[in-house]
Amino acid sequence: MSEIAQLVFHPQVASNKPENVVNTNNACPFCQRETLAGILAEEEDRIWLENKYRTLDETYQTVIIEAAEHDGDISTYPRSKNRAIFNFALKAWKTIIDSGKYKSVLMYKNFGPYSGGSLRHPHMQIVGLNKIDAYANIRKQNFTGHMFYKDHGVKINISAYPIAGFTEFNIILLDAEKIEPFADIVQTVVNYILNDYFKGRCTSYNLFFYYINSQIVAKIVPRFVVSPYFMGYKIPQVNDSKRNTEIEKELATKLAHENSAQ
C-alpha cells in the first residue's frame, strides 16, 4: 500500500494564534497594520505577508490581507475593490508557483464560524507544500457537472462528484485575460451562498483555487457541520436533482442580472 501524504500540524503553535471568529472582542492583528512583519508586497490597503504562526511542517505559509476594514468580505466589497483583490491575490499565487520551490502551492479563503478560520478580518492564504502534491487526492471529475451559466469567459457548474459533499460550485476561468468578470462572478456566488442558499441560514464558506487543465478554477463550498458520512467513511453526499435544478435557476437569474452590464 502506498504511503498516504499527511501534513504535520503543531497544536502548540496553533494554541497561541489570535482568534476572533468566536470571541469577537479579541484584538485583531491584521487591524494593527503598523506592527506587521514579513511583508512581501503591498498595494493600497492590500498586504501579502509571511504567516507569523507557522503551524505546518515542510510548508511556506503566507497570508493575503484583503482590505483594511475588519468586517469586509467578498460579499460586501464594491465591485472595483473585489476585482483589485483578485488581481493582487492571483499574482501572488502565481509568484510562488513560478518560483519552482514547492511541490504544489495552495490558495484558499475561510469565512465564517464553520470554515476552519480563526480571524474574522478578511484574508486568503497561500501555502507552498515542500513535498506533497495537493492534487493527488482530487480528480478531474470533482470539477465537472451540469454547466448552467457561461458568459464573459467564465462558466459555472455544480459538482456532480464533490470532494466533500452537497453543493460545490465550480467557477472555471476559460480566458486568462478575464480575471475581472471571474472576480465578479465569484462575488455573486458568495452573495448567493450567504443570503439565498439554504434560505439564508448559511454563514460560512470556503473558497479554493486550482489550476486544472491549465485553467484557473475557483471552488466555493458552503460550510455547515461536516457530514458524519464524509468524516467516518469519506462518502460525500449530493443534493437530489430537483434541488440542484432550483439552485441553478436561482443563481443563473442572479448572475444574469448582476453581470449583464460588464
Side-chain angles (χ1 to χ4, degrees), residues 3-41 46-74 85 89 92-93 95-97 99 101-138 163-165 202-210 219-228 230-232 234:
E3 184 178 352
I4 298 173
Q6 299 182 104
L7 288 168
V8 177
F9 178 73
H10 294 285
Q12 66 273 24
V13 176
S15 66
N16 292 316
K17 288 174 59 176
E19 185 281 321
N20 55 30
V21 170
V22 176
N23 300 292
T24 56
N25 292 324
N26 286 351
C28 175
F30 294 162
C31 288
Q32 301 165 15
R33 298 168 83 84
E34 68 283 355
T35 68
L36 296 174
I39 292 174
L40 301 168
R46 297 171 283 283
I47 300 175
W48 179 31
L49 73 164
E50 294 179 336
N51 195 328
K52 181 179 178 181
Y53 297 91
R54 299 172 192 177
T55 57
L56 299 170
D57 275 355
E58 298 288 350
T59 63
Y60 179 56
Q61 297 175 253
T62 73
V63 175
I64 298 277
I65 301 175
E66 298 173 14
E69 56 263 38
H70 178 78
D71 293 322
D73 179 53
I74 289 172
I85 289 166
W93 185 36
T95 297
I96 297 295
I97 292 171
S99 74
K101 295 179 179 179
Y102 305 99
K103 183 83 170 180
S104 53
V105 184
L106 319 180
M107 185 164 76
Y108 64 94
K109 175 182 172 70
N110 303 323
F111 178 86
Y114 297 111
S115 68
S118 58
L119 289 176
R120 170 60 183 87
H121 198 115
H123 64 286
M124 300 183 191
Q125 298 187 56
I126 301 174
V127 181
L129 306 182
N130 293 0
K131 299 178 180 179
I132 294 177
D133 177 5
Y135 291 71
N137 294 323
I138 57 176
I163 294 172
C202 181
T203 60
S204 306
Y205 69 88
N206 292 121
L207 169 60
F208 303 102
F209 293 88
Y210 308 82
K219 181 182 281 287
I220 310 176
V221 184
R223 289 297 304 274
F224 301 93
V225 174
V226 179
S227 161
F230 182 74
M231 289 297 294
K234 290 190 178 181

Nearest 0.5 Å, please: how far is CZ in Phe208 from CD1 in Ile138?
10.5 Å
Between Ile126 and the options Val63, Thr62, Thr95, the side-chain contact (heavy atoms from CB on, under 4.5 Å) test singles out Thr62
List the steps and the verdict of side chain to side chain contact (heavy atoms under 4.5 Å, CB included) for Phe111 and Val21.
CA-CA 9 Å; Phe111 178 86; Val21 170; over 6 Å; no
Any Val105 side-chain heavy atom under 4.5 Å of Val127 side chain:
no
Shortest non-hydrogen pair, Ala67 vs His121, comes out as O-NE2, 2.7 Å
Please examine the side chains of Leu56 and Phe9, heavy atoms only from C-beta on, and report whether any two atoms are closer than 4.5 Å.
yes
Start with the C-alpha gap between Lys103 and Ile132, add the side-chain angles, then the distance that decides, and say whether side chain to side chain contact (heavy atoms under 4.5 Å, CB included) holds.
CA-CA 6 Å; Lys103 183 83 170 180; Ile132 294 177; 5.6 Å; no
Search all heavy atoms of Leu119 against all heavy atoms of His123 and return the closest pair with its distance.
O-CE1, 3.4 Å
Residue pair Met124 / Trp93, side-chain heavy-atom distance below 4.5 Å
no
Atom pair CD1 (Ile163) and CG (Asn206), whose distance is rounded to the nearest 0.5 Å
11.0 Å
Out of curiosity, Arg120 CZ to Cys28 SG, how far, rounded to the nearest 0.5 Å?
10.0 Å
Between Arg46 and Ile65, is there a side-chain heavy-atom distance shorter than 4.5 Å?
no
Can you name the closest pair of heavy atoms from Pro222 and Cys202 and give their distance?
CB-SG, 3.8 Å
How long is the straight-line distance from CD of Gln6 back to CD1 of Ile4, given to the nearest 0.5 Å?
6.5 Å
Which atom of Asn51 lies closest to which atom of Gln125, heavy atoms considered:
ND2-OE1, 4.1 Å
Can you tell me how far the CG atom of Asn110 sits from the CG atom of Leu207, to the nearest 0.5 Å?
9.5 Å
Is any side-chain heavy atom of Thr35 less than 4.5 Å from a side-chain heavy atom of Pro29?
no
For Asn137, is the CG atom crowded, meaning more than 12 foreign heavy atoms sit under 6.0 Å from it?
no
Relative to each other, are the rings of Tyr210 and Tyr135 parallel, tilted or perpendicular (30° and 60° limits)?
perpendicular
With heavy-atom distances below 4.5 Å as the criterion, would you say the side chains of Pro18 and Tyr53 are in contact?
yes
Evaluate the side chain to side chain contact (heavy atoms under 4.5 Å, CB included) criterion for residues Arg223 and Thr203: first the C-alpha distance (whole Å), next the side-chain angles of each, then the deciding distance (0.1 Å), finally the verdict.
CA-CA 8 Å; Arg223 289 297 304 274; Thr203 60; over 6 Å; no
Taking only Lys NZ, Arg NE, NH1 and NH2, and the carboxylate oxygens of Asp or Glu, determine whether Lys131 and Asp57 approach each other closer than 4.0 Å.
no
Could you measure the distance from the CZ atom of Phe209 to the OH atom of Tyr108? Nearest 0.5 Å is fine.
13.0 Å
Neighbour count >12 (heavy atoms, 6.0 Å) for atom OH, Tyr114:
no
Under the side chain to side chain contact (heavy atoms under 4.5 Å, CB included) criterion, do Ile47 and Leu36 qualify, and how do the steps go?
CA-CA 10 Å; Ile47 300 175; Leu36 296 174; 3.9 Å; yes
Evaluate the criterion side chain to side chain donor-acceptor pair (under 3.5 Å) for residue pair Glu19 and Asn23; output intermediate values, then yes/no.
CA-CA 7 Å; Glu19 185 281 321; Asn23 300 292; 2.8 Å; yes
Considering all heavy atoms, the nearest Gly112-Ser115 contact
O-OG, 2.7 Å
Closest non-hydrogen atoms of Ala134 and Leu106, given as atom of the first, atom of the second and distance, are CB-CD2, 3.1 Å
Evaluate the criterion side chain to side chain donor-acceptor pair (under 3.5 Å) for residue pair Glu50 and Tyr60; output intermediate values, then yes/no.
CA-CA 8 Å; Glu50 294 179 336; Tyr60 179 56; 2.8 Å; yes
